[in-house]
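Step one of this worksheet: look at the structure below.
Chain naming here is simple, since letters A, B, ... match the order of the sequence lines and numbering starts at 1 in each.
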Amino acid sequence: MDRGMILFIGVLLTFTSSWLGLVLFPFWQLQNQPAFQTSPEEEPYPRPLQGLAWTGMKVYQKNGCMYCHSQQIRSERFGNWWEDPTGIMRTGGDIRRGWGTRRNVPRDYIYDSPTMLGTMRTGPDLANIGSRYSATWQHIHTYNPRALNSWSIMPSFAFMYRKERIVGSRSEKALPLGREWTVRPGYRWRPSPNEWAAILQQSGDQIKARFLRESGQPISDWTTPETQQQLLEFWLATPEEDWQILPTEEAEALVAYLLSLRKAEYPLPEAKE
Amino acid sequence: MNNSHDDNDIVKSNQPGNFHPSLDSEMSEPADEERDTIQRMLDVLAREHAEPRDGFEPVPFWVAAIFGALLAWGGYYLGTNSADFRPDVYDRSDLRQVSSGGSAVSVPDPDPQTVPELIKIGEQKYAAICASCHQPHGQGNLAQGIPPLDGSEWVVGEQASPARLARILLYGLTGPITVKGRTYNGLMPAQGNVLKDYEIAAVLTYIRNSWNNNADKDKPPAITAATIKAARAIHGNRKTNGTQPYTVKELIQIPTDYADPGATPPTATKDKK
Amino acid sequence: MAVTILARDHLRLQAAQERVTIDRSCRGPVLAFSATALFWLLVGSLLALLASLKLHSPYFLTGSAIWTFGRVRMAHLQAVALGWSSLAAMAACLWLMCRLARVELIYPRMLYLACALWNVATTLAVAGILLGDGTSVEWLDAPTYAHPFFVAGVGLVTAWVVATFRRRREAHVYVTQWYILAAVFWFPWLYTVATLMIFWIPATGVIQPVVNWWFNHNFLGLWLTPIGVGTAYYIIPKILGRPIHSYYLSITGFWALALFYSWAGIHHLIGGPIPAWLATASTVGSMMMFIPVIAVAINHHMTMIGHFHRLKYSPALRFTVFGAIAYTAVSFQGSIESLKDFSEVAHFTHYTVGHAHLGAYGFVAMIFFGLYYYMIPRLTGREWYSSKLIRLHFWCSAVGITLYFTALSIGGWWQGRMLNNPNVPFANIIMYIQPYLALRSVAGTMMTIGHIAFAILFIINLAGWGRQRSGGPTLFAQPPQLTPSELPKADSLMNAPVTQLQP
């Protein structure tokens, strides 16, 4: 081992072996997979991302979404092997959680670049998120996930939304959120006792009238803690009068991308379990 | 500790001449200050041990034995778990089939027939999938256009029927819907690809018998896997991936006493909340 | 100098003078690499802390795009993996290669250029990611415009290390040199191939993650690990003044690492949309890693045996031995983790994060800390200012990483069990894992405090505010006077082959 050349040839050969085995051989095996088509009339699957969805993929990429969200559905036999030594019981969590209807295969990703399979599931898998939620849900959840799930630890992406004064009527795109979530975009807001007292002083009667009108609950005594709490919650759930939250182009693109993610439902022949 | 003597510096005895102990020409040139530095470094270095070298203890037999055993195991494992290096075998449960030549044993889905059994399955599915929109107690979310399930006429009241409910879950629902006197305009994602028939029946039975809802009290369940299967069957090619959702207009064309062929007729399902 | 010296002292002085010349020749570049590495360690620690806090306090700094979790996490990885670890690794390569080849560094100015290139690259990477150019390719998140700088930087270092090796005056090639030469050869190849196949000429679909994981695992396995292990192979026998236990085990360990480590990596995609044989091949590669790890562990342990009391005194030794033990632990854990039965649970969870940090921090960073404590006084000619601060650094780092690892291992394991059980609602998993994530922030804070103490020591040393040296080094405690029986046995050393000098 005192000869540099032996060392050089040795490290060259060992590394070449893994390079050939783990990189070049799979490259040769998987590089030229075509999209799948049952007949020439049917549109092929998968299809490359286009337009807004492609822009949205870039937003997803630059904000590192894949560090918490994978995009791969595993076999329905995957997982808890000790409870299921024969693989017959199908304990695989991914499909049974409703994250997709079948496992993913290499062909699902032929148009992805970069291929963001992900390696963490701090959040749920997104391979088939497009079939699970509506655009409105996605916008609210992106704007502030805790407006929907109080337990969520996902960041608020309120910086992708802008708060605007309403000119004329409220925009159709405005997020349907109460003031609890819109007064401080990205955060949860509640008035301090003094602020709340001031608000009640100023427009308490209006709020109460609206509460009675919309909830249909007959309340005569407004002074009990319960009714006061009810009134506050009602007021927080109503939208701000003069302001609206609108998605920026980035947010629109991201949601378009999320809605386009339907990687785990088209029945590919090789994905049969 | 660093003051112990090193006897093994002998190897350096035939140094090239510029390491003579007296300061050689190169080292005597520096200015006084730098010479001080050199002198100090010399002091430090002189107390240092010589550069490390090798001992020549033999490799113990047990270590060699472990290495041999590992190599043997590696060869065996590679041989039995690589499915002839095929690119279309993804999982070790598939490997088992490849090596045994058989196909996976398919186990029939369970088909619970009692209300408590269905509720037990439905409760878990509801928490995992439905609760993030309809909320854990079925109260819905007015701001986001998500109608309540608790006390809804579409779940337990005059608009409810097994056939209608089955369709909402299988194919999804879009467009405005009036629930408890309010209009909601959201999008109900289709669950037909995500949930199995018995699971849809379980979720429906759960929401019809939770909170203030009491549809199947002291009765056999109105909805079982057979109901859902029948609703799936009669539509044949209608896609359950959310691309062909129902609208309320379409839904109310189904009479509430209608039952799909093969499903139990909804005789006892006229119920009050 | 007109003193009569004994022949033995004469030889020791000769050797010492040689070391003076060598250390002086590489002082500038090596200090440049070390200092900038330390800077990135601080940047990386702060980014890590931020990311960690955000995972259990999602409203923390939530308003700005720059500090959103995904970006901070990518920036953290670049700062610590390519900033701190790689720069420190290159400093180690240069200094150890010069010392072991017993030649001065030639044309040191070009290495300032290498250092500058690498720092420009890291700055581009970290700033680029925060400003929205991150690529979401794990470990290769740096924007594509940083790639040429990285390649040029490491290319120069490789050339200098090889040139130094070829000019060697010491005929015997010590085990540390094998590791260093292999690492500086592997890494540029690895980096170039991975960036080419993922960014410049992108491969199709799932081949990208395959190449990606091949790179990720080998970044640790063929770049940081060989240099870390090589450094331990230098520091331990050097401080103890004993030969390394067995040359044969050194050889076994080295070649087994070269052959098997490069095959690991794809097991990180277990269950994913890739052919089964790829994950299987990596599982075998990972399990075979038991061979080099056992060999290195025996070698280090048998060298240390009977001298563990010296961990009480020497900071460099204590950090290095901690790192060497962590290397054994993390490698055993990694091999077991690659088994599919285990991986099915640990996959997609914080368990893997805990494992990665035990490797990158408990092993690699701790060994580099040890190297700093040994190397920097020899380069600057000044001792460490305060043994209290060193002690603070050690305990913060050691307790911090232990807490970090324990919290994430326990939390992550149960997270994985729950993820695999479809009847556990996702909300429950998130709520379950949060206390563990909070503990991770506590551990991260401790480690950051340690790094700040370390940085203070380093700055004082570099600026010359500290104690000039004449007496002994800064130790945790003064060792008792050695009795003659504890002195190194001359005869055991005499049996070593007398190496030849090149003409």
*Between C:Trp223, C:Trp214, C:Phe185, which is the residue that forms a ring pair (Phe, Tyr, Trp, His ring centres under 6.0 Å) with A:Phe15?*
C:Trp214
*asked:* Heavy-atom cut-off 4.5 Å, strictly under: side chain, backbone, both or neither for A:Gln33 against chain C?
replied: neither
*Heavy-atom distances under 4.5 Å only: say whether C:Val175 touches chain A with side chain, backbone, both or neither.*
neither
*Which atoms of A:Leu12 come close to chain C, meaning under 4.5 Å heavy atom to heavy atom: side chain ones, backbone ones, both, or neither?*
both
*Checking heavy atoms, do the side chain of C:Gln434, its backbone, both or neither come under 4.5 Å from chain A?*
side chain
*Is it the backbone or the side chain of A:Tyr60 that comes under 4.5 Å from a heavy atom of chain C, or both, or neither?*
backbone
*Below 4.5 Å from any heavy atom of chain A, which atoms of C:Leu55 appear? Answer side chain, backbone, both or neither.*
both
*Presence of salt bridge, A:Arg162 and A:Glu164, under 4.0 angstrom*: yes
_C:Leu419, part contacting chain A, at a heavy-atom distance under 4.5 Å_ = both
*Do you know which of A:Leu13, A:Asn149, A:Asn104, A:Asp108 has the most heavy-atom pairs under 4.5 Å to chain C?*
A:Asn104
*Structural part of A:Asn63 lying under 4.5 Å from a heavy atom of chain C*: both
*For chain C, the option from A:Gly98, A:Pro106, A:Pro155 that forms the most heavy-atom pairs under 4.5 Å*: A:Pro106
*Heavy-atom distance under 4.5 Å to chain A: side chain of C:Ala194, backbone, both or neither?*
neither
*Residue pair A:Glu180, A:Arg188: steps toward the salt bridge (charged side-chain N to carboxylate O under 4.0 Å, His left out) verdict*: CA-CA 6 Å; A:Glu180 182 172 13; A:Arg188 186 178 184 209; 2.7 Å; yes
*Among A:Ile73, A:Ile153, A:Asp112, which has the most heavy-atom pairs under 4.5 Å with chain C?*
A:Ile153
*Please state whether the side chain, the backbone, both or neither of A:Met120 comes within less than 4.5 Å of a heavy atom of chain C.*
both
*Atom CD of A:Glu249: over 12 foreign heavy atoms under 6.0 Å*: no
*Take the angle between the ring planes of C:Tyr247 and C:Trp178 and call it parallel below 30°, perpendicular above 60°, tilted in between.*
perpendicular
*asked:* Is A:Met154 close to chain C through its backbone or its side chain, or both, or neither, when contacts mean heavy atoms under 4.5 Å?
replied: backbone
*Top of C:Leu437, C:Val424, C:Val72, C:Leu61 for chain A proximity - count of heavy-atom pairs under 4.5 angstrom*: C:Val424
*asked:* Can you tell me which of C:Trp186, C:Phe69, C:Phe199, C:Phe260 forms the most heavy-atom pairs within a distance under 4.5 Å of chain A?
replied: C:Trp186
*Which bit of C:Val137 is near chain A, if near means a heavy-atom gap under 4.5 Å: side chain, backbone, both or neither?*
both
*asked:* Under 6.0 Å from the ring centre and within 45 degrees of the ring axis: does the NZ or CZ of A:Arg107 meet both conditions for the six-membered ring of A:Tyr45?
replied: no
_If I measure from the heavy atoms of chain C, does A:Ser152 come under 4.5 Å with its side chain, its backbone, both, or neither?_
backbone
_chain A contact via C:Arg73 - side chain, backbone, both or neither, heavy atoms under 4.5 Å_ = side chain
*Give, as side chain, backbone, both or neither, the part of C:Phe426 having an atom under 4.5 angstrom from any heavy atom of chain A.*
both
_So, taking the atom named OG1 in C:Thr164 and the one named CG in C:Leu100, what distance separates them when rounded to the nearest 0.5 Å?_
11.5 Å
_Which label fits C:Tyr179 and C:Phe254: parallel for a plane angle under 30°, tilted from 30 to 60°, or perpendicular past 60°?_
perpendicular
*Heavy-atom distances under 4.5 Å only: say whether C:Pro143 touches chain A with side chain, backbone, both or neither.*
neither
*chain A contacts, top residue of C:Gly265, C:Pro202, C:Gly132 (heavy-atom pairs, under 4.5 Å)*: C:Gly132
*chain A heavy atoms under 4.5 Å from C:Ile251: which part of the residue, side chain, backbone, both or neither?*
side chain
*Does one side chain, of A:Asp2 or C:Tyr174, offer a donor that lies under 3.5 Å from an acceptor on the other?*
no
*May I ask you to name which of A:Met160, A:Lys62, A:Arg184, A:Arg121 has the most heavy-atom pairs under 4.5 Å with chain C?*
A:Arg121
*Would you call the rings of A:Phe159 and A:Phe157 parallel, tilted or perpendicular, where under 30° means parallel and over 60° means perpendicular?*
perpendicular
*Is the number of heavy atoms from other residues, nucleotides or ligands within 6.0 Å of CH2 (C:Trp189) greater than 12?*
yes
*Proximity breakdown for C:Thr135 and chain A, heavy-atom pairs closer than 4.5 Å*: both
*Picking from C:Ser282, C:Ala65, C:Ala182, which has the most non-hydrogen pairs under 4.5 angstrom with chain A?*
C:Ala65
_With no hydrogens and no angle check, just 3.5 Å: does a side-chain donor-acceptor pair link A:Trp99 and A:Gln72?_
no
*Do A:Asn128 and A:Glu265 have side-chain N/O donor and acceptor atoms under 3.5 Å apart?*
yes
*Would you tell me whether C:Lys54 and C:Thr68 have side-chain atoms, one donor and one acceptor, within less than 3.5 Å of each other?*
no
_Under a 3.5 Å threshold, yes or no: a donor from one side chain and an acceptor from the other, between C:Thr62 and C:Trp67?_
no
*Which heavy atom of C:Gln208 sits nearest a heavy atom of C:Ala203, and at what distance?*
NE2-O, 2.9 Å
_C:Gly271 backbone acceptor or donor facing A:Arg103 side chain under 3.5 Å_ = yes
*Select one option (side chain, backbone, both, neither) describing which atoms of A:Asn32 are under 4.5 Å from chain C's heavy atoms.*
neither
*Flag the one option from A:Thr119, A:Val23, A:Val105 with the top tally of heavy-atom pairs under 4.5 Å to chain C.*
A:Thr119
*So which of A:Met116, A:Gln31, A:Met66 has the largest heavy-atom pair count under 4.5 angstrom toward chain C?*
A:Gln31
*Counting heavy-atom pairs under 4.5 Å to chain A, which of C:Gly70, C:Ala427, C:Gly134 comes out on top?*
C:Ala427
*chain A heavy atoms under 4.5 Å from C:Asn212: which part of the residue, side chain, backbone, both or neither?*
neither
*Side chain, backbone, both or neither: which part of A:Ser156 has a non-hydrogen atom closer than 4.5 Å to chain C?*
both
_I need the residue from C:Ser57, C:Ala281, C:Pro273 with the largest number of non-hydrogen atom pairs under 4.5 Å to chain A._
C:Pro273
*Between A:Trp19 and chain C, which part of the residue has a heavy atom less than 4.5 Å away: side chain, backbone, both or neither?*
both
_Stepwise ring pair (Phe, Tyr, Trp, His ring centres under 6.0 Å) test for C:Tyr436 and C:His56_ = CA-CA 9 Å; C:Tyr436 295 100; C:His56 53 82; over 10 Å; no
*Qualifying residue for ring pair (Phe, Tyr, Trp, His ring centres under 6.0 Å) with C:His268, from C:Phe215, C:Trp213, C:Trp139*: C:Trp213
_Please determine whether the number of non-hydrogen atoms from other residues, nucleotides or ligands lying under 6.0 Å from atom CH2 of A:Trp28 exceeds 12._
no
*What part of C:Leu259 is in contact with chain A, defined as an atom under 4.5 angstrom from a non-hydrogen atom: side chain, backbone, both or neither?*
both
